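Everything below concerns the one structure shown next.
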Amino acid sequence: MAAPAELPRLDGKTVLITGPSGGIGQITARELARRGAHLVLVCRNPERAEQTKTLIQQASPASQPDILLCDLSVLAEVRTLAAEVTRRYSKLDVLINNAGIMPGPLTITDEGHELSWVTNHLAPFLLTNLLLPLLEAAGQARIINVASEAHWLGEIEPAQNFRNDREKYSSFTAYCDSKLANILFTNELAHRLELTGITANCLHPGIVDTGLVNPGSSRLLKLMWLLARPVMVTPEVGAQTSIFLATDPKVAALSGRYFKNSKPARSSGTARNRAEASRLWRISAEETGLE
Ligand SMILES: NC(=O)c1ccc[n+]([C@@H]2O[C@H](COP(=O)([O-])OP(=O)(O)OC[C@H]3O[C@@H](n4cnc5c(N)ncnc54)[C@H](OP(=O)(O)O)[C@@H]3O)[C@@H](O)[C@H]2O)c1
């Protein structure tokens, strides 16, 4: 089925999306392909990546998505990914940092990071920074970070060892902290990119019926997820704000905003705090080894 004619087209545009193998990301990728975008699908699982590619091509037979494999919880792989993207493409028009996890019990990666902090925040921080030259090469480019209303309960701990403390760890708190980081990162990025043609915005997709809370999640989270079921929306609905931010001409010049239901929305006081955003940038640069 062809995309309705009135929807903005993305012909000739290259869109890189992380986490397109399920949930919100899969619908976002499918719909952007229907609008003519050339998709770069960043997945960790080759089978799920191929299934996603097939699904996209069923909806848009002319589409030829590329698959790049990367486990975003490993920063060394994120660096390899960025190098490969830079080698293959001359420009990037849209970068959608969508992949995310709701963690289970405390997991520290081999590189020493708490799993949700590195997957949800440090990986998009590093990937985005490493891809800035390609985004700049597009002339006008958009960065979209999928955050969450969960950020209202988040805070930014001063150092990694606080997040890795087994006594104090709560998977829900860790998730909220990482989603606050998504918004602070977006704001600082928008500020740093003011004099360029690149915008950076973030969003809450709604409470969406996806695989985010899974059998490995804590019992409390699984209960909360069950209770939220009556107000949950489908991934088709949850993907709309990402699609809007990637395509709509009305937001071409808007940057540093938080969106809900495809409209600018209020984020928490902490999320809007400039000093906190620049503190997080310093912490993130140190933890990722970004020059
Ligand atoms: N669902 C909600 O209610 C909700 C609400 C607010 C915000 N969000 C945000 O929306 C975004 C998408 O989540 P979703 O709800 O669509 O969840 P989902 O169905 O679980 O999708 C998450 C995606 O991220 C990928 N991913 C996870 N860890 C990865 C890693 N280490 N390396 C590479 N890819 C990885 C997954 O890949 P695999 O297929 O390999 O697992 C999957 O494609 C997340 O950032 C989440 O925080 C969701």
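Fair warning: this is a prediction, and the values are worked out from it, not measured in the lab. Counting convention: from 1, in listed order, for ligands and their atoms alike.
For the pair R44/L69, no side-chain contact is recorded, criterion being any heavy-atom separation below 4.5 Å from C-beta on. E155 has its side chain out of reach of T270: every pair of non-hydrogen atoms, C-beta onward, lies at least 4.5 Å apart. Looking only at side-chain heavy atoms (C-beta outward), D209 and R229 come within less than 4.5 Å of each other.
Taking every non-hydrogen atom of I24 and a distance limit under 4.0 Å, the qualifying atoms of ligand 1 come out as 10 (O), 15 (O), 16 (O), 48 (C). Residue G100 approaches ligand 1 through these ligand atoms, each under 4.0 Å from one of its heavy atoms: 22 (C), 24 (O), 27 (C), 44 (C), 45 (O). Of all the atoms in ligand 1, the ones that sit under 4.0 Å from a non-hydrogen atom of V146 are 9 (C), 10 (O), 11 (C), 45 (O). With ligand atoms numbered from 1 in the order given, ligand 1 contributes 16 (O), 19 (O) to contacts under 4.0 Å with heavy atoms of G23. Near I207, meaning under 4.0 Å from one of its heavy atoms, ligand 1 places the atoms 3 (O). Applying the 4.0 Å criterion to heavy atoms of I101 picks out, from ligand 1, the atoms 27 (C), 28 (N).
In this structure, the protein non-hydrogen atom closest to atom 48 (C) of ligand 1 is L212 CD2, 3.7 Å. At the top of the distance list for atom 3 (O) of ligand 1, counting protein heavy atoms only, stands V208 N, 2.7 Å. Atom 36 (C) of ligand 1 has its closest protein heavy atom at S21 OG, 4.0 Å. Counting only heavy atoms of the protein, atom 32 (N) of ligand 1 lies nearest to L72 N, 2.9 Å. Y175 OH, 3.5 Å is the protein heavy atom nearest to atom 46 (C) of ligand 1. At the shortest separation from atom 45 (O) of ligand 1 among protein heavy atoms lies N98 O, 2.8 Å. Given atom 14 (P) of ligand 1, the protein heavy atom at minimum distance is T210 OG1, 3.4 Å. Summary of contacts: the protein heavy atom closest to atom 7 (C) of ligand 1 is A147 O, 3.1 Å.
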For the pair T52 and Q26, evaluate side chain to side chain donor-acceptor pair (under 3.5 Å) and give the outcome as yes or no after the intermediate values. CA-CA 7 Å; T52 301; Q26 191 167 71; 3.0 Å; yes
Under the side-chain contact (heavy atoms from CB on, under 4.5 Å) rule, what do C70 and T80 come out as? Steps first, then yes or no, please. CA-CA 8 Å; C70 177; T80 307; over 6 Å; no
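Remark: R79 does not engage E84 in a salt bridge, criterion side-chain N to carboxylate O under 4.0 Å. Ion pairing of E276 with R279 is present here, as a side-chain N (NZ or NE/NH1/NH2) and a carboxylate O approach within less than 4.0 Å. A salt bridge links K260 to E149: one of the charged nitrogens lies within less than 4.0 Å of a carboxylate oxygen. Looking at D11 and K13, no side-chain N of the basic residue comes within less than 4.0 Å of a carboxylate O on the acidic one, giving no salt bridge.
Within the structure, ligand 1 has C70 among the residues with a heavy atom less than 4.0 angstrom away. Residue contacts with ligand 1 leave out M102, since none of its heavy atoms falls under 4.0 Å from the ligand. Residue contacts with ligand 1: G238 is excluded, as none of its non-hydrogen atoms falls under 4.0 Å.
Counting only residues at least two apart or in different chains, side chain to side chain donor-acceptor pair (under 3.5 Å) contacts with residues 118-134 comprise N97-T128, N120-S178, H121-S284.
Residues Q240 and S262 approach most closely at O-OG, 3.9 Å, considering heavy atoms.
The shortest N/O to N/O separation between H204 and ligand 1 does not fall below 3.5 Å.
Residue nearest to atom 19 (O) of ligand 1, selected from C43, A150, G211: G211 (by heavy-atom distance). The option with the heavy atom closest to atom 24 (O) of ligand 1, from among G25, S178, P20, A99, is A99. Comparing A123, G19, P205, P103 by heavy-atom distance to atom 25 (C) of ligand 1, the nearest is G19. In this structure, of K179, R48, R44, the residue bringing a heavy atom nearest to atom 35 (C) of ligand 1 is R44. Across the listed options P235, G22, S148, A228, S148 owns the non-hydrogen atom lying nearest to atom 6 (C) of ligand 1.
R142 pairs by the salt bridge (charged side-chain N to carboxylate O under 4.0 Å, His left out) definition with nothing, not counting sequence neighbours.
The local environment of CD in E286 is sparse, with at most 12 non-hydrogen atoms from other residues, nucleotides or ligands closer than 6.0 Å. More than 12 heavy atoms of other residues, nucleotides or ligands lie within 6.0 Å of CG in D165, so this atom counts as buried by the packing criterion.
In N214, neither the side chain nor the backbone holds a heavy atom less than 4.0 Å from any atom of ligand 1. Residue T119 touches ligand 1 through its side chain alone, judged by heavy-atom distances below 4.0 Å.
Aromatic ring pairs are classed by plane angle as parallel below 30°, tilted from 30° to 60° and perpendicular above 60°; the pair F125 and W281 is perpendicular.
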